[in-house]
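Encoded as structure tokens, the structure appears first; notes follow it.
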Amino acid sequence: MEITKDSASYRDPSGHVYSSGDRILRTVTKHAKENYLYFRDNKTLNRLQDKNWIIAANEINDNLAQYLSEELIENTHCLLEHPKIPYISYPYEWSFQLLKAAALRHLEVQIALLKDTVSLSDATAYNIQFIDGVNPIFIDYLSFQKYSDGDFWMGYRQFCEQFLNPLLLRSSLDIAHNSWYRGNLEGIPTSEINKLLPLHKILSWRIFMNIVLPNKLQNQAKNNQNPGVGKLKKAKLQKAGYLGMLTQLHSWINSMKPLQVPNTTWSDYAKNNTYSSIEEENKHNFIGEFIRETNPEFVIDI
């Protein structure tokens with residue numbers, strides 16, 4: 001069986017993604033075995049799979065030689081097979097509403113699993129995809145790890161740069177995130193959005209705590225100006241505080257809206273176009289007939 005490694009799957013020492021035709025496979029290395037088994041056996045996982053919040057996975061333990069080379073087998077605990085997502089999209093392509101939905105789903109998955117002592121090692125937006133139209137689903141089984149009392153949220157900065165900051169760009173400054181995100185695939189740095197926010201925005205408690213203060217601490221850590229920064233590495237965050245942080249971010253993001261929806265060439269197209277009522281009906285019938293004859297898996301309206 002010939003398998004091809006996904007060209008974007010190279011950074012994670014815990015495993016990699018491969019494809020063979022319509023089959024999607026993921027290796028789980030021996031390095032990731034302990035965290036994977038702890039996550040796999042967690043009672044919340046099945047509930048989240050049933051809700052389509054986390055992608056399904058079938059575990060393959062036998063006949064690994066059918067799929068992998070001897071070199072790969074030596075370092076592989078097991079293989080996972082996932083259902084194939086028909087259309088892969090990326091955060092810089094998403095609308096404000098899709099990015100918002102992805103951010104909320106990421107937090108919802110975290111909150112549900114943290115209650116059962118599982119946390120996330122990162123918070124990249126690229127671990128979310130969309131199925132059944134606009135339903136966000138978490139796709140990375142190797143981001144989960146056992147939570148220990150006092151652990152900090154290791155992916156907080158990444159969440160801000162890839163979710164929160166792009167959403168703030170639109171909701172606070174009326175600037176679409178797409179072009180900026182496309183030019184910087186790791187997201188929008190907190191230091192940059194901090195420079196853009198006007199004073200009356202900075203005085204907001206949420207923005208101060210999630211943008212201004214972290215930016216100041218990062219700058220002090222870089223310059224070794226604050227002796228208290230080193231103590232933060234030894235500090236502990238109680239689980240209730242961790243959950244509170246996730247819940248407050250969820251509430252804040254859920255309330256976000258674009259600052260202003262600009263009028264475009266197409267804003268009033270439904271009312272102001274060159275179609276007569278008969279022509280519009282003919283177009284509708286033509287598209288309907290085409291769909292019935294070709295029976296496509298999905299259709300994109302560009």
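Only this structure's heavy atoms are used, side chains among them; waters, hydrogens and symmetry mates stay out.
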Using the rule given for side chain to side chain contact (heavy atoms under 4.5 Å, CB included), can you reason through Arg23 versus Lys84, listing the C-alpha separation, both sets of side-chain angles and the distance that settles it, and then say yes or no? CA-CA 7 Å; Arg23 297 185 69 183; Lys84 184 176 183 179; over 6 Å; no
Start with the C-alpha distance between Leu45 and Phe39, add both sets of side-chain angles, then the distance that settles side chain to side chain contact (heavy atoms under 4.5 Å, CB included), and finish with yes or no. CA-CA 7 Å; Leu45 175 59; Phe39 166 64; 3.4 Å; yes
Salt bridge (Lys or Arg N to Asp or Glu O under 4.0 Å) assessment of Arg40 paired with Glu59: CA-CA 10 Å; Arg40 183 199 67 181; Glu59 190 173 301; 3.1 Å; yes
Report the C-alpha separation of Asn210 and Tyr156 in whole Å, then their side-chain angles, then the decisive distance to 0.1 Å, and conclude whether the side-chain hydrogen bond (donor to acceptor under 3.5 Å, both in side chains) test is met. CA-CA 10 Å; Asn210 291 280; Tyr156 170 67; 2.9 Å; yes
Determine, step by step, whether Ile60 and Leu25 satisfy the side chain to side chain contact (heavy atoms under 4.5 Å, CB included) criterion, reporting the C-alpha distance in whole Å, the side-chain angles of both residues, the deciding distance to 0.1 Å, and the verdict. CA-CA 9 Å; Ile60 302 171; Leu25 303 167; 4.2 Å; yes
List the steps, then state whether side chain to side chain contact (heavy atoms under 4.5 Å, CB included) holds for Gln110 with Trp153. CA-CA 10 Å; Gln110 276 218 74; Trp153 178 13; 3.1 Å; yes
Run the numbers on Thr27 and Tyr67 for side-chain hydrogen bond (donor to acceptor under 3.5 Å, both in side chains), then give the verdict. CA-CA 10 Å; Thr27 57; Tyr67 306 92; over 6 Å; no
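Aromatic ring centres of Tyr92 and His177: separated by at least 6.0 Å. Tyr36 has its ring centre no less than 6.0 Å from the ring centre of Tyr141. Taking the six-membered ring for Trp and the full ring otherwise, Tyr181 and Trp94 have centroids separated by 6.0 Å or more.
A donor-acceptor pair under 3.5 Å links the side-chain atoms of Glu279 to the main chain of Ser276, judged by distance alone. Although no hydrogens or angles enter the test, the distance criterion places no donor-acceptor pair under 3.5 Å between the side chain of Glu293 and the main chain of Phe290. In this structure, the side chain of Asp6 does not engage the main chain of Val17 through any donor-acceptor pair within 3.5 Å. The backbone N or O of Asp151 sits nowhere less than 3.5 Å from a side-chain atom of Ser148 that would complete a donor-acceptor pair. Looking at Lys201, its side chain never comes within 3.5 Å of a backbone N or O of Ile207 through a donor-acceptor pair. For the pair Asn215 (side chain) and Ile211 (backbone), a donor-acceptor distance under 3.5 Å is absent. Under a 3.5 Å cut-off, the side chain of Lys195 and the backbone N or O of Thr190 do not form any donor-acceptor pair. A donor-acceptor pair under 3.5 Å is formed between the side chain of Ser171 and the backbone N or O of Leu167. Remark: side-chain polar atoms of Asn184 are paired, donor with acceptor, to backbone N or O of Gly187 under 3.5 angstrom. Not one N or O on the side chain of Asn58 forms a donor-acceptor pair closer than 3.5 Å with the backbone of Leu80.
Residues Ser95 and Lys100 form no side-chain contact, since every pair of their non-hydrogen atoms from C-beta on lies 4.5 Å or further apart. Two residues are said to be in side-chain contact when any heavy atoms from C-beta on lie closer than 4.5 Å; Tyr147 and Lys239 meet this criterion. The shortest side-chain heavy-atom distance between Trp252 and Leu164 falls under the 4.5 Å cut-off. Using a 4.5 Å cut-off on side-chain heavy atoms (C-beta onward), Leu107 and Thr247 make no contact. In this structure, the side chains of Val28 and Leu79 stay at 4.5 Å or more apart for every pair of heavy atoms. Between Ile24 and Pro83 there is no side-chain heavy-atom pair separated by less than 4.5 Å. In this structure the side chain of Gln145 never reaches within 4.5 angstrom of the side chain of Val118, judged on heavy atoms. Within the 4.5 Å cutoff, side-chain heavy atoms of Leu120 are placed close to those of His106.
Annotation: the span from Lys43 atom NZ to Asp41 atom CG amounts to 13.0 Å, rounded to 0.5 Å. We find the CG-CG distance between Leu168 and Asn194 to be 11.0 Å, quoted to the nearest 0.5 Å. Rounding to the nearest 0.5 Å places CG of Leu99 at 10.0 Å from CE of Met256. In this structure, Leu259 CG and Phe96 CZ are separated by 10.0 Å, a value rounded to the nearest 0.5 Å. Here CG of Asn178 is found 10.0 Å from CG of Leu169. Values are rounded to the nearest 0.5 Å. Rounding to the nearest 0.5 Å gives a distance of 11.5 Å between CG of Leu68 and CG of Asn63.
In terms of hydrophobic clustering, with Ile, Leu, Val, Met, Phe, Trp and Tyr side chains grouped at heavy-atom distances under 4.5 Å, Ile139 and Leu142 are assigned to a common cluster. A chain of hydrophobic side-chain contacts below 4.5 Å, direct or via other Ile, Leu, Val, Met, Phe, Trp or Tyr residues, connects Val299 to Phe286. When the side chains of ILVMFWY residues are joined at heavy-atom separations under 4.5 Å, either directly or via intervening members, Met154 and Leu243 end up in two distinct hydrophobic clusters. Leu203 is not connected to Val212 by any chain of hydrophobic side-chain contacts under 4.5 Å among Ile, Leu, Val, Met, Phe, Trp and Tyr, and they are in different clusters. Put simply, Phe152 and Leu213 are part of the same group of oily side chains (I, L, V, M, F, W, Y) that touch within less than 4.5 Å, one to the next.
Taking both residues in full, the closest heavy atoms of Pro13 and Thr29 are given as O-OG1, 3.1 Å, listed atom of the first, atom of the second, then distance. In terms of heavy-atom proximity, Leu197 sits nearest to Ser172 at CD2-CB, 4.2 Å. Annotation for Asn165 and Ile193: closest pair O-CD1, 3.2 Å, computed over non-hydrogen atoms. Closest heavy-atom contact between His82 and Ala56: ND1-O, 2.9 Å. Of all non-hydrogen atoms in Ser14 and Ala32, the two that sit nearest each other are CB-CB, 3.4 Å.
Between Asp140 and Arg26 there is a salt bridge, since a side-chain N of the basic residue sits under 4.0 Å from a carboxylate O of the acidic one. Using a 4.0 Å cut-off between a side-chain N of Lys or Arg and a carboxylate O of Asp or Glu, Arg157 and Glu161 qualify as a salt bridge.
Counting heavy-atom neighbours within 6.0 Å of Lys33 NZ, excluding the residue itself, gives a total of 12 or less. Shown here is Glu34, whose CD atom has no more than 12 heavy atoms of other residues, nucleotides or ligands within 6.0 Å. A 6.0 Å sphere centred on CD of Glu280 holds no more than 12 heavy atoms belonging to other residues, nucleotides or ligands. The neighbour count for Lys257 NZ, taken as heavy atoms of other residues, nucleotides or ligands under 6.0 Å away, does not exceed 12.
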Would you give me the side-chain donor-acceptor pairs under 3.5 Å for residues 125-138, sequence neighbours excluded?
unit_1 : atom_1 : unit_2 : atom_2 : d
Tyr126 : OH     : Leu185 : O      : 2.7
Asn127 : ND2    : Asp122 : OD1    : 3.4
Asn127 : ND2    : Ser143 : OG     : 3.2
Gln129 : OE1    : Ser89  : N      : 2.9
Gln129 : NE2    : Ser89  : O      : 2.8
Asn135 : OD1    : Arg105 : NH1    : 3.3
Asn135 : ND2    : Asn52  : O      : 3.4

